[in-house]
Every structure is written in C-alpha cells, then in structure tokens.
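Below you'll find the structure, written out as structure tokens, and then a few comments.
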Amino acid sequence: TASKSGYPDAVTTANVEIGVVTGNMYERDLMLGELPGVSADFDGDDDVDMTDFGLFQMCFNGPNRAPAENDCDAPDLDGDGDVDMTDFGVFQACFNGPNRPPAAGCP
C-alpha cells in the first residue's frame, strides 16, 4: 500500500510461494490518484492502442533523463521531465486496444 495525504491509497499484491523465490524480485509501480490534464491517447483518436505505444516507446528514456525526441511531452504522464516506468504504469493501465475508449479512471 502506498499513501499520501490528499490522494486515494494505491494497493497492489504479490503472491510468493515459500522456497520458490529468493530475494526481492517483485516490483510494483503505483500511482496515487488520477493525474489532471494528461492523456495516454497521444494521437487523439479516442483509444489507447499500439500507435500510442509506438510514441511512448520512442520517448522512453528512463528516470531523470530528458527524452531525446522533441515531441515527448505527452508521454511524460507524471510531469516529472522524463519518460520512465512510472509513466509506463499509467500508460499500461489505460491501454485498451484499437477503437475502444481508455479504461475507466484513465487520464
């Protein structure tokens, strides 16, 4: 569970069988609340599909690194100046395929 004052909690789980996995091998990206004013529908065609993923992939550059491409403001879904796994978590939650509106609660 992750929480911050003024935002709804974000919760995720991982099921691990005893003796099957060693070390910390489970990573979860969480987003607290919805980000106002952003959309994962980068091409404006009312769906979040592989065309949108192509732009996201082109801009993905990792944490604390500005994207190399000039048109990468939209894929920076958390507004922190980079396109990283946190942004991918938002994009992934919104991905719904061609000709289908983004999932409920998606920015």
Side-chain angles (χ1 to χ4, degrees):
T1 301
S3 61
K4 182 176 180 180
S5 179
Y7 290 88
D9 288 351
V11 178
T12 187
T13 61
N15 295 320
V16 180
E17 289 184 45
I18 295 175
V20 176
V21 177
T22 60
N24 185 7
M25 299 183 67
Y26 292 91
E27 177 180 317
R28 298 288 192 264
D29 293 316
L30 302 172
M31 185 176 79
L32 300 172
E34 191 173 300
L35 298 171
V38 299
S39 172
D41 178 20
F42 307 131
D43 60 3
D45 65 351
D46 296 323
D47 62 24
V48 180
D49 59 9
M50 290 304 291
T51 303
D52 301 298
F53 179 71
L55 176 61
F56 183 90
Q57 185 177 26
M58 177 185 72
C59 296
F60 187 90
N61 206 22
N64 304 315
R65 297 180 62 192
E69 301 293 326
N70 292 333
D71 295 329
C72 289
D73 290 338
D76 179 16
L77 295 169
D78 62 1
D80 66 353
D82 61 27
V83 180
D84 60 8
M85 290 304 291
T86 303
D87 302 297
F88 180 70
V90 176
F91 181 84
Q92 184 179 29
C94 295
F95 188 90
N96 213 15
N99 304 314
R100 297 179 66 194
C106 239

Under 4.5 Å between any side-chain heavy atoms of Asp87 and Pro75, yes or no?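 SC-SC contact between Asp87 and Pro75 ruled out.
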
Is any side-chain heavy atom of Asp47 less than 4.5 Å from a side-chain heavy atom of Asp52?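 Yes, side chains in contact.
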
To check you understand the geometry: which heavy-atom pair defines the closest contact between Asp45 and Asp43, and what is its length?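 Asp45 and Asp43 have their closest heavy atoms at OD1-OD1, 2.7 Å.
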
Sub-3.5 Å donor-acceptor pair from the side chain of Asp76 to the main-chain atoms of Asp73, do we have one?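 Here the side-chain-to-backbone pair does not exist.
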
Is a side-chain donor or acceptor of Asn96 paired with a backbone partner of Val48 at a separation under 3.5 angstrom?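 Here the side-chain-to-backbone pair does not exist.
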
To the nearest 0.5 Å, what is the distance between CZ (Phe56) and CZ (Phe42)?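 Phe56 CZ to Phe42 CZ: 6.5 Å, rounded to 0.5 Å.
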
Rounded to the nearest 0.5 Å, how far apart are CG of Asp41 and CZ of Phe91?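 If we round to the nearest 0.5 Å, Asp41:CG and Phe91:CZ are 9.5 Å apart.
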
Quick one: side chain to side chain contact (heavy atoms under 4.5 Å, CB included) partners of Asn61, sequence neighbours excluded?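 Counting only residues at least two positions away or on another chain, Asn61 forms a side chain to side chain contact (heavy atoms under 4.5 Å, CB included) with Arg65.
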
